Amino acid sequence: MAKNPAPTTAPRKVARDAGLPVRGETAELVLSKKLPKSTGAVIIAIFAGEDDTIELAGSTTLDSIFSDKQQAQILRQLEAVGATAKRNEITRVPGIEGVTSVIAVGLGKAEELDDETLRRATGSAARSLRGVEVAATTIGDLGLAAAVTGFGLGSYSFKGLRRETGEPESPAPSIHFLGGDKSEFVTAQVITESVIFARDLVNTPSSHLYPESYAVIAANEAAKHNLDVEILDEKQLEAAGYGGILAVGNGSSRKPRLLRLTWKGKKSAKSVALVGKGITFDTGGISLKPGANMDNMISDMGGSAAMIASIIAAARLNLRINVTATIPMAENMPSGDAFRPGDVITHYGGITSEILNTDAEGRLILADAIVRACEDNPDYLIDAATLTGAQLVALGIRTAGVMGTAEFRDRVALTGREVGEQAWAMPLPEELDEEITSPVADLRNVTNSRFAGMSAAGRYLQEFVADGVEWAHVDIAGPAYNTAGAYGYTPKRATGAPVRTFVELLSELAD
Ligand code: BES
Ligand code: MN
Ligand code: ZN
């Protein structure tokens, strides 16, 4: 007799050793000395030359696989099918000697090549590998870390809880990088896996990822990599006075949590506090959101996923820096136990907020977490949150807004652009000071104005950051979740942004 299928809603009891119900699939990345025997496709790079000509990106690795004559033949075939070598163009031609096909990846003009071009083009190549089981590539010669990142992230696909159809599914390929520095390869691989962990967390639906299960899943993954973990449940939150997390989380029967992860890299090193918004689903609460596209709000824990993945990466890379992650987790639901507009809540540490809109919930849980994070006297504090629709209005779907103390804010935004996670510095203008005041509490959680909604949220959070801490607030409402089409190495749904920005920053701040 066929076994009953699992219930459509995950069981509410969370096993102590719980992990993610499903992971996305990605290509296996291998550093190889020579061409594997069973290579189905060799992936090479082509550049656009003068007068609409194309040229193969030559290298010693390419020479070790194909003779000059064979390279000339590949070039002729590519010209014959009209390859132009424009960026992200993928052209497949018949292979030579046991290799089924040659896949040429366009990189544009050689003199304009940069890492992001390489990442996007290799990402596009990875997405075109259907049917190939074993691929080998020479593109690592142009930038091994960028190629590993592009192929690794571009090959990601998340099939969620879809049943096996019985139709033969092409397994994710293995991609062999022919030569290169082992430690550069491994570092790029760890960072890629961290981005993918963040994507998996964000892609997991709220039926399966809710505060209690999220905290356990993240804690288990962190413990595997030697981080210290602590989870506060709703009773402990109550006892300690976490009024923001409790107000938001209490409307749901799935009660809130506060997760704390600690990585001790070195005694005397700099310390960085990471804080991330972990709203496992945002209905808006009593200030209910409209129904259209509300399902996208499974991604409202994107900031927390990025921070959890980043601190785990710091541990895996053994960075000589001290990092804590303070992650408030709550589900924002309307119910008889939900908080209301007009309520006044008392945050961890004592600051009070008048609630004028229960849909401005992210800043309320972040406020508690920021105060807790500052108790450890960090040198730097970074928070990431899918915080405002206003971020999308101001900067579009791909560019994060970065606010905070001037120097560090600019540094975080610049680092984002350097790793290909678009980010832009935004101000906290002084006229917002009076807009966040309330007659009945220290602060109000929304302003009366239609203007500068992203900055208003940042300005509110600023009230909770301790003096002297270098602070950056990163609003990733758009960048965390791609509701448009896949491009380069960025798939639909969860993007894993801005994990690479934060890992790069932690690496640079480490000694
Ligand atoms: N999670 C949303 C912000 C959001 C919107 C993220 C769209 C991703 C895509 C946040 O909690 C929210 O609802 N913000 C409100 C704030 C407003 C009530 C001041 C918003 O932006 O509308
Ligand atoms: Mn909201
Ligand atoms: Zn939200």
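This is a predicted model, so every value here is computed, not measured. In what follows, every heavy atom counts, from backbone to side chain, and hydrogens, waters and symmetry copies are set aside. Numbering of ligands and ligand atoms starts at 1, following listing order.
Under the side chain to side chain donor-acceptor pair (under 3.5 Å) rule, Lys264 has a single partner from Asn322, Asn226, Asp228, which is Asp228. For the side chain to side chain donor-acceptor pair (under 3.5 Å) test with Arg444, the passing option among Asp442, Thr447, Asn448 is Asn448; the others fail.
At most 12 non-hydrogen atoms from other residues, nucleotides or ligands lie less than 6.0 angstrom from NZ of Lys86. Within 6.0 Å of atom NZ in Lys289, more than 12 heavy atoms from other residues, nucleotides or ligands are found, so the atom counts as buried in its surroundings.
Between Val393, Leu387, Asp475, it is Leu387 that holds the heavy atom closest to atom 14 (N) of ligand 1. Between the choices Arg363, Glu361, Gln391, the shortest heavy-atom distance to atom 16 (C) of ligand 1 belongs to Arg363.
Every pair tested for side chain to side chain donor-acceptor pair (under 3.5 Å) that includes a residue from residues 400-419 fails, sequence neighbours excluded, so the list is empty.
Ring-plane geometry between Tyr460 and His347 is classed as perpendicular, the angle between the planes exceeding 60 degrees on a 0 to 90 degree scale with a lower cut at 30.
Nearest to atom 2 (C) of ligand 1 among the protein's heavy atoms is Asp282 OD2, 3.6 Å. Protein heavy atom nearest atom 18 (C) of ligand 1, with residue, atom name and distance: Asn357 ND2, 3.4 Å. Among all protein heavy atoms, the one lying closest to atom 19 (C) of ligand 1 is Val446 CG1, 3.5 Å. Counting only heavy atoms of the protein, atom 22 (O) of ligand 1 lies nearest to Gly389 N, 4.5 Å. With hydrogens left out, the protein atom closest to atom 7 (C) of ligand 1 is Met297 CE, 3.8 Å, a heavy atom. In terms of protein heavy-atom proximity, atom 15 (C) of ligand 1 is nearest to Asp359 O, 4.0 Å.
Set against the non-hydrogen atoms of Thr386, the atoms of ligand 1 under 4.0 Å away are 1 (N), 2 (C), 3 (C), 6 (C). Remark: ligand 1 atoms within the under-4.0 Å shell around heavy atoms of Lys277 are 1 (N), 10 (C), 11 (O).
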Inset, instruction - Report the C-alpha separation of Lys277 and Glu361 in whole Å, then their side-chain angles, then the decisive distance to 0.1 Å, and conclude whether the salt bridge (charged side-chain N to carboxylate O under 4.0 Å, His left out) test is met. - result: CA-CA 10 Å; Lys277 173 176 173 181; Glu361 83 296 342; 3.0 Å; yes
Inset, instruction - May I have the step-by-step check of salt bridge (charged side-chain N to carboxylate O under 4.0 Å, His left out) for Glu238 and Lys235, ending in yes or no? - result: CA-CA 5 Å; Glu238 181 94 54; Lys235 290 187 201 79; over 6 Å; no
Inset, instruction - Apply side-chain hydrogen bond (donor to acceptor under 3.5 Å, both in side chains) to Asn332 and Asp282, showing your working. - result: CA-CA 5 Å; Asn332 189 20; Asp282 184 12; 2.9 Å; yes
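Looking at Glu361, its N, O or S atom nearest to the Mn ion (ligand 2) turns out to be OE1. The atom name of the N/O/S atom in Asp282 closest to the Mn ion (ligand 2) is OD2.
Shortest non-hydrogen contact noted between Thr490 and Arg199 is CA-NH2, 4.4 Å.
In summary, Arg459 and Glu435 do not engage in a salt bridge, as defined by a charged side-chain N under 4.0 Å from a carboxylate O. A salt bridge is defined here as a Lys NZ or Arg NE, NH1 or NH2 lying under 4.0 Å from an Asp or Glu carboxylate O, and Glu421 with Arg398 fails to meet this definition.
Among the atoms of Asp300, no N, O or S atom is found under 2.8 Å from the Mn ion (ligand 2).
For the Zn ion (ligand 3), protein N, O or S atoms closer than 2.8 Å were enumerated as Lys277 NZ, Asp282 OD2, Asp300 OD2, Glu361 OE2, with waters left out.
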